[in-house]
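No hydrogens, no waters, no symmetry mates; every other heavy atom, side chains included, goes into these values.
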Amino acid sequence: MLENLHDFAGVPIGPNTCKVQTVRAKLSDSDKAIFDKAVKDVENFSTHSLHLGLRQLGVEIGYQTLARHRKNICSCGRADA
């Protein structure tokens with residue numbers, strides 16, 4: 001059944017840049033500082049509350065994208081973008 005699994009090794013899935021990093025790059029310096037602090041603050045911002053807050057403020061980053069970024073398993077490879 002899995003004889004051809006090796007064919008999928010190294011197949012890129014999604015963009016090569018984390019959406020969190022892409023959005024962050026477009027922010028002003030003061031907004032970057034606020035954004036960075038909120039993304040790192042797992043005690044006061046759950047991923048869900050961060051996702052909802054950003055969405056309410058017009059910043060579209062998916063919940064799973066934020067979750068992967070915070071766990072340092074996103075495509076940018078760093079939790080602090």
Handout entry: L50/R70 under side-chain contact (heavy atoms from CB on, under 4.5 Å): CA gap, chis, key distance, verdict
Key = CA-CA 11 Å; L50 182 60; R70 289 178 123 190; 4.0 Å; yes
Problem - Atom pair CD1 (I34) and CG (D29), whose distance is rounded to the nearest 0.5 Å - result: 11.5 Å
Problem - T47 OG1 to H69 NE2 distance, which is reported to the nearest 0.5 Å - result: 10.5 Å
Exercise for the section: List for me each residue that meets side chain to side chain donor-acceptor pair (under 3.5 Å) alongside S49, sequence neighbours excluded, and say none if there are none. Expected result: S46
Completion exercise
D41 meets the side chain to side chain donor-acceptor pair (under 3.5 Å) criterion, sequence neighbours left out, with N44
Testing the basics here: between [X] and [Y], what is the closest heavy-atom pair and its distance to 0.1 Å?
| X | Y | answer |
| --- | --- | --- |
| E60 | R55 | OE2-CG, 3.4 Å |
| H51 | G62 | ND1-C, 3.8 Å |
| C18 | S75 | N-OG, 2.9 Å |

Handout entry: Stepwise side-chain contact (heavy atoms from CB on, under 4.5 Å) check, H48 with L52
Key = CA-CA 6 Å; H48 182 70; L52 291 178; 3.1 Å; yes
Problem - Within 6.0 angstrom of K32 NZ, more than 12 heavy atoms from elsewhere - result: yes
Handout entry: Contact check, side chains of L54 and L66, non-hydrogen atoms, under 4.5 Å
Key = yes
Practice task
Apply the side chain to side chain contact (heavy atoms under 4.5 Å, CB included) test between V23 and each candidate in Q21, K26, K19; give the one that qualifies.
Solution key: K19
